Visitor: 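One structure is given below, represented as structure tokens, and several questions about it will come after.
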Protein chains: 2
Amino acid sequence: MNDKQEIILDRFTQLCKAHGLKITPQRMAVYNALKTSKEHPSADKIHKQLVCDFPSISLDTVNRTLITFARIQIIDVVEGQGEPRRFDPNREDHHHFYCLSCNKIIDFHDPDLGQIQLPKEITCTFTITGKRLCLTGYCDHCSHQAPARAADITK
Amino acid sequence: MNDKQEIILDRFTQLCKAHGLKITPQRMAVYNALKTSKEHPSADKIHKQLVCDFPSISLDTVNRTLITFARIQIIDVVEGQGEPRRFDPNREDHHHFYCLSCNKIIDFHDPDLGQIQLPKEITCTFTITGKRLCLTGYCDHCSHQAPARAADITK
DNA sequence: TTGACAAATAAGTATTAATCCTATTTAATA
DNA sequence: TATTAAATAGGATTAATACTTATTTGTCAA
Ligand SMILES: [Mn+2]
Ligand SMILES: [Mn+2]
Ligand SMILES: [Zn+2]
Ligand SMILES: [Zn+2]
């Protein structure tokens, strides 16, 4: 285990205690796998990755654990398009680009976009808990393969 | 059939011909049901609605038809959170508010937001086909019921 | 350090959404 | 009206997620 992982797991221990969750090897593994991910993995992807080192871990536990983490707000769930639910280790304010071809979800940041003013009829009527710009299109890799393709929702 | 529906179906006939699609009663029914909807229904919801007047229509046909319509870009698919895929009759530029409690998706418009400038590293690298602000939170109805509730991804 | 207990897990089952398969029907065209 | 390719219904399949329950395990107090 490297330094970065150790810091992540120390923080994890604090968070669990603060929320009355038991610290189990399964939870540590799931937390570590998601937080060191540079992507937006599904429960199944995390499970497949963990099974090598932790053969007995079940998919249900991975999924349930991720949902628990989202509930106590130490990770996020991202908007998709009907595909498997995906999770986001990054809780900073940021925006998403969705590649319609390879299904990658790519983060981007923009200080200007943080300033976005919402119309009053929205802010007064609803309780807003999240605000994000969602772009769709084709990533650099996929645009090269198939330029000017129409959106194909079934991949 | 009222005037509005007649106009919708005239337009539909044109669109089908333009894309080489046969005009079937099933397609007319699905198109009409979606385009007169004020919501963002799932295939199952549209199917349940149609079955009263059209008992033999199958869910597969409804789903396939909606996907066909999305492919020729006469309707849209909306971003969800792993829940069933939902469709949007409204092809104007607009934004979405997602109620985390009742799963309603509510449209809003904002001229200022149309002007949003994206960072160069995004526009230069990727092919952007869609741009939308996605808000999450609790709608007026749900905020009253359960104020200050934490996000509960499993409803 | 141990024992008691509530919480968490694994594994199997159930449910739900989406898709596939194929025999039959139907819209479009001449 | 006959031909033909496209579309449909309905059943089967797959994939993701949630539920159920017996067993295991982390926590905490003695
Ligand atoms: Mn992200
Ligand atoms: Mn909409
Ligand atoms: Zn891509
Ligand atoms: Zn609501």
Side-chain angles (χ1 to χ4, degrees), chain A residues 9 12-31 33 40-51 53-72 77-87 103 152-155, chain B residues 9 12-31 33 40-51 53-72 77-87 103 152-155:
Chain A
L9 291 180
F12 171 68
T13 304
Q14 293 171 5
L15 289 166
C16 280
K17 288 189 176 155
H19 289 91
L21 297 182
K22 291 184 178 173
I23 296 158
T24 67
Q26 289 89 341
R27 283 180 173 160
M28 282 175 41
V30 170
Y31 186 80
H40 297 80
S42 63
D44 186 60
K45 198 156 188 195
I46 297 271
H47 180 247
K48 280 193 171 64
Q49 181 189 327
L50 293 181
V51 152
D53 292 328
F54 201 148
S56 72
I57 198 168
S58 73
L59 174 58
D60 186 50
T61 294
V62 172
N63 192 51
R64 189 168 19 79
T65 299
L66 288 165
I67 291 173
T68 302
F69 291 164
R71 180 170 50 78
I72 65 170
V77 181
V78 296
E79 322 75 26
Q81 309 234 13
E83 76 239 353
R85 179 190 287 146
R86 288 165 70 174
F87 298 89
N103 282 340
D152 176 358
I153 70 165
T154 57
K155 256 184 308 276
Chain B
L9 291 180
F12 173 67
T13 304
Q14 294 170 5
L15 288 166
C16 279
K17 287 189 175 156
H19 289 91
L21 297 182
K22 291 184 179 172
I23 296 159
T24 66
Q26 290 89 341
R27 282 180 175 159
M28 282 175 42
V30 170
Y31 186 80
H40 297 79
S42 63
D44 186 60
K45 197 154 189 197
I46 296 270
H47 179 248
K48 280 194 170 65
Q49 181 190 326
L50 293 180
V51 152
D53 293 328
F54 201 148
S56 73
I57 198 168
S58 73
L59 173 58
D60 186 49
T61 294
V62 172
N63 191 50
R64 190 168 17 78
T65 299
L66 288 165
I67 291 173
T68 302
F69 291 164
R71 181 170 49 77
I72 65 171
V77 181
V78 297
E79 322 75 27
Q81 308 234 15
E83 76 239 355
R85 179 192 288 147
R86 288 165 69 174
F87 297 90
N103 283 339
D152 177 357
I153 70 167
T154 58
K155 260 184 305 276

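Atom set for the values below is all heavy atoms of this structure, side chains included, hydrogens, waters and symmetry mates excluded. Keep in mind the model is a prediction, meaning the values are calculated, not measured.
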Visitor: Please check the phosphate of D:dA7 (OP1 and OP2 only) for any side-chain N or O of B:R64 closer than 4.0 Å.
Guide: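 The answer is no; no side-chain N or O of B:R64 sits under 4.0 Å from OP1 or OP2.
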
Visitor: Contact class for B:P55 vs. all strands (heavy atom < 4.0 Å): base, sugar-phosphate, or nothing?
Guide: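 Touches nothing.
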
Visitor: Under 4.0 Å between a side-chain N or O of B:S56 and OP1 or OP2 of D:dA9?
Guide: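 Answer yes for this pair, as a side-chain N or O of B:S56 is under 4.0 Å from OP1 or OP2.
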
Visitor: Please tell me which of the listed nucleotides, D:dT17, D:dA7, D:dG26, lies nearest to the side chain of B:L21?
Guide: D:dA7

Visitor: Counting only side-chain heavy atoms from C-beta out, which of C:dA8, C:dT19, D:dG26 sits nearest to B:I67?
Guide: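 Nucleotide nearest to B:I67's side chain: C:dT19.
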
Visitor: Think B:T61 has a side-chain N or O under 4.0 angstrom from the OP1 or OP2 of D:dA9?
Guide: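 Yes, B:T61 has a side-chain N/O under 4.0 Å of OP1/OP2 on D:dA9.
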
Visitor: So which heavy atom on B:M28 is nearest to which on B:F12, and how close?
Guide: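 The answer is CG-CE2, 3.5 Å.
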
Visitor: Hey, which of these two, A:S58 or B:N63, hits DNA chain C nearer its 5' end, going by closest nucleotide?
Guide: A:S58

Visitor: Quick check for you: among D:dA9, D:dT17, D:dA7, whose closest atom lies nearest to any side-chain atom of A:R85?
Guide: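 Nearest listed nucleotide: D:dT17.
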
Visitor: Where do B:R85 and B:N63 land on the side-chain contact (heavy atoms from CB on, under 4.5 Å) test, with the steps shown first?
Guide: CA-CA 10 Å; B:R85 179 192 288 147; B:N63 191 50; 3.9 Å; yes

Visitor: Round to the nearest Å and state the distance from A:D44 atom CG to D:dT17 atom P.
Guide: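 After rounding, the gap between these two atoms is 8 Å.
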
Visitor: Without swapping roles, check the side chain of B:H19 against the backbone of B:L15 for a donor-acceptor pair under 3.5 Å.
Guide: yes

Visitor: Shortest non-hydrogen contact from A:N103 to A:R86?
Guide: O-NH1, 2.7 Å

Visitor: Are OP1 or OP2 of D:dG26 and a side-chain N or O of A:Q26 less than 4.0 angstrom apart?
Guide: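 Indeed not, no polar side-chain atom of A:Q26 lies that close.
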
Visitor: Under 4.0 Å: is that the gap between some side-chain N or O of A:S42 and OP1 or OP2 of D:dA16?
Guide: no

Visitor: Apply side-chain contact (heavy atoms from CB on, under 4.5 Å) to the pair A:V78 and A:F87, showing each step before the final yes or no.
Guide: CA-CA 6 Å; A:V78 296; A:F87 298 89; over 6 Å; no

Visitor: Mind checking B:D60 for me? I need base, sugar-phosphate or nothing, with any heavy atom below 4.0 Å counting as a touch.
Guide: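 Base: the residue B:D60, judged by heavy atoms under 4.0 Å, touches a nucleobase.
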
Visitor: Using heavy atoms to find the nearest nucleotide of DNA chain D for B:G20 and A:I23 separately, return the residue whose nucleotide is more 5′.
Guide: B:G20

Visitor: Counting the atoms with a prime plus P, OP1 and OP2 as sugar-phosphate, which does A:I57 contact under 4.0 Å by heavy atoms, base, sugar-phosphate, or nothing?
Guide: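 Contact class for A:I57: sugar-phosphate only.
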
Visitor: In terms of side-chain heavy atoms of A:K22, which of C:dA10, D:dT25, D:dA7 is nearest?
Guide: D:dT25

